[in-house]
Amino acid sequence: MTERATTGPAAAPYGGVRRRTGFAGRSRAAPDPLRRHDRWLAYAMILPVVFAVVGFVLGPAYDVFRLSFTRFIMGQEVAFGTLVNFKTLLADPMFLQVLRNTAIWILGGTLGCVVLGLALATFLAIESRVTTVLRALILLPWILPDVVTAMAWKWMLHGQVGIVGQTLQALGITERPMSFLGDPNFVMWVLVAVVIWRKVPLITLVLTAAIRNVPSELIEASRIDGANRWETFRYIVMPQIAFPFTAVTVISMIWMTAEFTLPWVMTGGGPANSSQIMSTYIYQQSFEFFNWGVASAMSVVNLLCLAALVTLYLTVMRRSWSRKE
């Protein structure tokens, strides 16, 4: 007489997980109460962050998108589902100037921060007493408040009492003190140089840490194979720091897009709106002219341009590093 198969729960193993006999004799692990409790605990711990993101990020973003398709008259919403704000924006002759200034601001600032940061990181990655001290001092521009940095540079670049212009005049480079922030053809490049000075320290430290984490065995092997310093840097170091390099580049783009305090305090968009970028122009349209619909439409355009730029960069970088692999 054959024994009948047991369909009830089997004895619990050491881990406390009971195993049940399933279809066709297969056994599966029963849910562990402790593991289920840990899962719900993890959900409960991240709920405050989820609520904060929904309340402070997704909520305002939804309002901006809604306002961009809403028509306002004397501060009152009169129509929804219209493209009048985008039509007004495209008809504004200042908008093309703002787009051009924003392109100079984002591309020039990002390129300057990444290139200069990589060059400084390559030097600071060398182990010595000098570089140890410099790795601490280089953070000074970063830890200063934005308003303090903007006001300091504004006075140093002043056309009459600025120390930079007076120094150039004393050295015989210029005949008289130069108004760096008063020249419409020059002001955007001055702002880009200041923001690079402001943002490059953190990028430098991130890339310094990445370079110092490159395995020394790879560098030694490349030297044994006869590679010079440039070849070692290009074919060994750069592929090893590809991820942090891409990350700091994307972060720099986001920084430049969101930066408002530095250009607004230094120039206020002047002279003659020659230094208006998207962030300052959105602020002016919103809180000085109260054109909330147009300002919201500009915010949507700004977000779409940033998303397209970051997507394009990530796509190019992914293909570039995949070929090298």
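Side chains included, hydrogens not; waters and symmetry mates left out as well; all remaining heavy atoms used. Computed from a prediction, not measured in an experiment: that's the story for all the values here.
- Taking the six-membered ring for Trp and the full ring otherwise, Y281 and F95 have centroids separated by 6.0 Å or more.
- Between atom CD1 of residue I126 and atom CG of residue L134 there is a gap of 11.0 Å, rounded to the nearest 0.5 Å.
- When hydrophobic clusters are built by joining Ile, Leu, Val, Met, Phe, Trp and Tyr residues whose side-chain heavy atoms come closer than 4.5 Å, directly or via intermediates, F260 is not grouped with V301.
- For Q160, the CD atom is loosely surrounded, since the number of other residues' heavy atoms within 6.0 Å does not exceed 12.
- Residues G108 and I196 share a closest heavy-atom pair of O-CD1, 3.9 Å.
- Of all heavy-atom pairs between I211 and A125, the closest is CG2-CB, 3.6 Å.
- When side chains are defined from C-beta on, V187 does not count as touching D183, because their heavy atoms never get closer than 4.5 Å.
- A donor-acceptor contact closer than 3.5 angstrom links the side chains of T131 and S128.
- Side-chain atoms of S275 do not come within 3.5 Å of backbone N or O of P271 as any donor-acceptor pair.
- A donor-acceptor pair under 3.5 Å is absent between the side-chain atoms of R176 and the main chain of G165, judged by distance alone.
- D92 places a side-chain N or O within donor-acceptor distance of the main-chain N or O of M94, the cut-off being under 3.5 Å.
- In this structure, the side chains of N85 and F69 stay at 4.5 Å or more apart for every pair of heavy atoms.
- Closest approach of L191 to P263, counting heavy atoms only: CD1-CB, 4.2 Å.
- Counting only distance, with no hydrogens or angles, the side chain of N101 and the backbone of Q276 share a donor-acceptor pair below 3.5 Å.
- Distance check: I224 CD1 to E217 CD gives 11.0 Å after rounding to the nearest 0.5 Å.
- By the neighbour-count criterion of 12 heavy atoms within 6.0 Å, atom CD1 of I163 is sparsely surrounded, having that number or fewer from other residues, nucleotides or ligands.
- Contact annotation: the side chain of L120 never approaches that of F123 to less than 4.5 Å [non-hydrogen atoms, C-beta and beyond].
- In this structure, Y283 and W264 have perpendicular ring planes: the angle between them is above 60°, well past the 30° mark.
- Residues M298 and M278 have side chains in contact (heavy-atom distance under 4.5 Å, counting atoms from C-beta outward).
- A distance of 9.0 Å separates OG1 in T267 from CG in L262, rounded to the nearest 0.5 Å.
- In terms of the salt bridge (Lys or Arg N to Asp or Glu O under 4.0 Å) criterion, residue partners of E127 (sequence neighbours excluded) are, by chain and number, R135, R212.
- In this structure the side chain of L118 reaches within 4.5 angstrom of the side chain of I241, judged on heavy atoms.
- Looking at residues two or more places apart in sequence or on another chain, you find no ring pair (Phe, Tyr, Trp, His ring centres under 6.0 Å) involving W105.
- No side-chain heavy atom of T149 sits less than 4.5 Å from a side-chain heavy atom of P141.
- To the nearest 0.5 Å, atoms CG (L202) and CD1 (I251) are separated by 8.0 Å.
- One finds a salt bridge joining E259 and K199 here, because a Lys/Arg side-chain nitrogen approaches an Asp/Glu carboxylate oxygen to under 4.0 Å.
- Using modelled atom types, no side-chain atom of T311 and backbone atom of A308 make a donor-acceptor pair closer than 3.5 Å.
- Within the model, atoms CD1 of I104 and CD1 of I106 stand 11.5 Å from one another, a figure rounded to the nearest 0.5 Å.
- In this structure, Y62 and R66 have side chains that are in contact, with non-hydrogen atoms separated by less than 4.5 Å.
- A donor-acceptor pair shorter than 3.5 Å can be found between the side chains of T249 and Y313.
- Every residue two or more places apart in sequence or in another chain that forms a ring pair (Phe, Tyr, Trp, His ring centres under 6.0 Å) with Y43 is listed here: W40.
- L306 contributes atom CG, which lies 11.5 Å from atom OG1 of T102 (distance to the nearest 0.5 angstrom).
- A single hydrophobic cluster is seen to contain both L124 and V130, as judged by linkage of ILVMFWY side chains at heavy-atom distances under 4.5 Å, directly or through other members.
- Across all their heavy atoms, S286 and W292 have their closest contact at O-NE1, 3.1 Å.
- Closest approach of C113 to M256, counting heavy atoms only: SG-CE, 3.6 Å.
- Between the side chain of Q169 and the main chain of E175, a donor-acceptor pair closer than 3.5 Å is present.
- The shortest side-chain heavy-atom distance between R223 and I219 falls under the 4.5 Å cut-off.
- Heavy atoms only, all atoms of each residue included: G117 and L207 are closest at C-CD1, 4.0 Å.
- Surrounding CZ of F289 are more than 12 heavy atoms belonging to other residues, nucleotides or ligands, all under 6.0 Å away.
- Between the side chain of T110 and the backbone N or O of L107 there is no donor-acceptor pair closer than 3.5 Å.
- Ring orientation note: the planes of F180 and F186 are tilted relative to one another, at an angle of 30° to 60°.
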